[in-house]
Structure formats: structure tokens, C-alpha cells
Amino acid sequence: MAADLLDIKIQRGPDKYETFQVPSHASQTVLDVVSWVQQNADPTLSYRFACRVGMCGSCAMMVNGVPRWTCRTHISKVSKGNAVTIGPLRNLPVIKDLVVDMDPFFDKWIAAEGVHHGSRTRDDPIAPVDTSTPARVTANAGIECINCAVCFAACDTVTGSADYLGPAALQRAWTLLNDTKDTAAATILDAVSDRNGCHNCHAMGSCTAYCPNELDPMSAIAGLKRETAKSLLRRRR
Amino acid sequence: MKTARNIISRAHPLWNAYILHRLSGLGLALFLPVHFWVLAMAVTAPAQLDGFLHLTETPVVKLAEVGLVFLLAVHMFGGLRLMALEWLPWSPSQKTMAALATALSFFVAALFFLKAI
Ligand code: SF4
Ligand code: SF4
Ligand code: FES
């Protein structure tokens with residue numbers, strides 16, 4: 001039976017926590033609880049969300065030490081007793097309360113060449129895509145990424161070396177490398193093999209363990225490691 | 001920064017495998033210099049080496065040896081796991097099957113080895 005009141009501890013500064021008593025309901029999400037606090041207890045609480053259905057990737061927070069998409073995380077699944085601790089996403093600068101600055105995360109997508117390098121214009125016919133080729137299957141495995149930065153927050157390598165491109169950006173680079181419509185394979189390989197690139201990954205798998213969409217950035221990065229090594233051997237010859 | 005957002009739960013198998021591999025490597029790195037030093041005694045100070053070899057009969061050292069073999073095994077399988085993970089574009093289920101097959105053959109080989117000695 002669910003208890004009537006939840007003890008919600010929210011981090012509001014480097015060493016500042018506030019605890020709120022929030023009425024408990026069935027099927028209540030972590031985002032519901034944070035919204036309740038903002039609407040009923042403290043209107044100055046800052047947090048971020050948009051879609052509430054796991055599409056937009058803007059609501060990720062640390063929940064009891066685990067990065068999670070809060071709109072799709074039920075309180076009942078994560079509470080210990082009646083208590084839940086909620087903090088801003090790890091590995092990103094905090095703007096206020098639960099809101100982090102996502103710029104470093106997105107800058108790294110660009111740095112990893114995680115942008116489409118097309119060859120056609122709007123006047124050309126749409127390129128046919130054969131969905132059954134192995135390369136397309138590999139690309140498809142990673143395209144459902146919602147840019148939520150949960151993997152980025154989970155990664156100890158990002159914590160240890162601030163310039164490491166991180167799992168999401170590298171996974172995007174890997175999907176583009178396997179996408180027949182992308183024409184800049186060499187550019188991507190150069191970008192992901194520099195000193196902040198895929199070879200920093202220790203394959204500890206926290207990205208894959210916590211990705212809410214059950215994607216597998218760790219294996220995508222392993223793919224990049226293989227391809228960069230192969231292209232190095234090719235160049236040597 | 002010792003804030004709560006920097007304390008992350010790492011309780012998942014992939015991370016445990018990662019940390020076991022690193023710690024066993026550290027353990028071996030600490031052990032190997034001592035190991036070579038003792039071996040070198042065979043040339044530099046045979047009498048001392050004999051004295052030391054007597055020491056290896058004691059239960060404490062025997063236990064330490066078990067630990068050492070454990071470290072070696074853990075580190076070897078950790079390395080094999082990492083190579084399979086990074087170099088074989090297999091599906092996770094294929095990798096589980098391969099790991100099971102390796103562990104089984106190792107087990108059988110170890111049984112034969114124990115019978116032989
Ligand atoms: S597998 Fe690589 S990218 Fe993923 S969490 Fe570990 S170090 Fe980070
Ligand atoms: S890979 Fe998963 S965890 Fe990482 S940003 Fe994309 S959806 Fe989020
Ligand atoms: S609010 Fe859009 S993913 Fe959670």
C-alpha cells in the first residue's frame with residue numbers, strides 16, 4: 001500500500017538540500033512530484049520538461065544517484081521507504097536547482113561530427129534507403145536517441161576528463177558513419193579518433209545500463225574503435 | 001565537489017567487470033616486481049631463496065597463492081572479455097554463448113589438469 005506522504009529531498013545548490021512532503025498517488029512519476037513541489041510548495045523551484053511522454057529528452061535528473069528520464073520514472077519504482085533524493089544531472093554545469101546547462105553536451109555532438117553531411121538538395125529525389133542492409137540495421141539501432149544526456153551523466157570517463165566527447169555524441173557519429181546518405185565518413189572518423197574521442201572509453205557500460213531508450217552507446221563506441229583502427233591500418237599501407 | 005549529484009550508483013554487471021579487471025591489474029602490477037625480485041635471488045642469493053621457499057609452505061602464503069591465481073584468472077578473463085566486447089561485432093546473446101563456452105572449456109581443462117598432477 002502506498003503511504004500518504006513522500007519525503008522528497010531536492011538539491012538546490014552545491015551543498016543545499018530541501019525536503020518537501022508530497023502527497024502520494026498511484027502511477028505518480030518523479031516529474032509529477034517535482035511539478036507538485038513547484039506548484040504547491042515553492043514556486044521558485046526551477047526544473048525543465050516539455051513532452052511528459054519520453055520524447056523530448058529535457059527532463060533528465062539524478063534520482064537516488066541514478067540518472068533517469070523523470071517523466072517516465074514511477075516514484076514507486078525508485079523510492080526507498082517513502083524517500084527520494086532528486087538532483088540536477090551529473091557532469092553538466094548547474095544553472096539553477098534542477099536545471100543544467102546542456103551546451104557542453106550539444107557542443108560535443110558537433111565536435112564529434114554528429115551532424116548530417118548530405119549530398120543532395122531539396123530539388124533532388126529522396127535517396128532510397130534499403131532497410132535490410134547490415135549497415136542500415138546498425139544505424140537504426142542508435143537513431144532513437146532523444147538527447148536526454150542520461151548516458152552522459154552516467155559516464156565516469158566524462159567526469160574524469162571534461163573534454164571527452166561522451167557516449168551520445170559518439171553514438172550519433174556511429175549511426176551517421178553507417179548511414180548511406182552521409183557522405184563524410186573520413187571527417188567523422190577523424191573527429192572521433194582525436195584525443196577526446198572514442199578511444200577514451202573504458203567500456204564500463206554505465207551509458208548502456210542507464211539509457212532510458214535501451215540504446216547501446218557502449219557497443220556503438222566499440223564500433224568506432226574498430227573502424228578508426230581499421231582506417232589507421234589502411235592509411236599505413 | 002562532494003555533492004549528491006556526483007555520487008552515482010554503479011551497481012551493474014558491466015561496471016563490476018570493469019572495476020574487477022582494473023583492480024586485478026593493479027594487484028598484479030604490485031606483485032610482479034616482488035615476484036621477479038624473489039626469482040632473481042636464485043642467482044644472487046641462493047641460500048636466502050631456500051629460506052624463502054620454506055616460507056611458501058606456510059598456510060598464509062598458500063592462501064596468498066590462491067589469491068594470486070585468482071587475480072591472474074580474473075585479469076585474463078577481463079582482458080578476453082574486453083577484446084571480445086570491442087573487436088567482435090556480435091550480438092549480446094552470441095557473446096553470452098561464447099563466454100559460457102569459454103568458461104565451460106576452461107572448467108573441463110582445469111579438471112583434466114588437476115587429474116594429471
Ligand atoms: S562505456 Fe564508455 S561512454 Fe559508456 S559510460 Fe563507459 S566510458 Fe562512458
Ligand atoms: S543514448 Fe540514450 S541516454 Fe544517451 S542521450 Fe540518447 S536516449 Fe539519452
Ligand atoms: S519531459 Fe520529454 S522526455 Fe521527459
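On a predicted model such as this, the values are computed, not experimentally measured, just so you know. Below, chain A is the first sequence line, B the second, and so on; all start at residue 1.
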### Task
Identify which of B:Leu82, B:Leu14, B:Asn16 forms the greatest number of heavy-atom pairs closer than 4.5 Å to chain A.
B:Leu14
### Message
So which atom in B:Leu85 and which in A:Met218 form the shortest heavy-atom distance, rounded to 0.1 Å?
### Response
CD1-CE, 3.8 Å
### Task
Hey, could you give me the CD/OG distance between B:Glu86 and A:Ser219, rounded to the nearest 0.5 Å?
10.0 Å
### Query
Hey, is CD on A:Gln21 packed in by over 12 heavy atoms from elsewhere, all under 6.0 Å?
yes
### Message
Testing the basics here: between A:Ser206 and B:His12, what is the closest heavy-atom pair and its distance to 0.1 Å?
### Response
OG-NE2, 3.0 Å
### Task
Under 4.5 Å heavy-atom distance to chain B, tell me which part of A:Ala203 shows up: side chain, backbone, both or neither.
both
### Query
Looking only at heavy atoms, which two atoms of A:His202 and B:Arg22 are closest? And how far apart?
ND1-NH1, 2.9 Å
### Under 4.5 Å from any heavy atom of chain A - which part of B:Ile19
neither
### Query
With a 4.5 angstrom heavy-atom cut-off, which part of A:Ala153 approaches chain B: side chain, backbone, both or neither?
backbone
### Nearest heavy-atom neighbours spanning B:Tyr18 and A:Met204
CG-CB, 3.6 Å
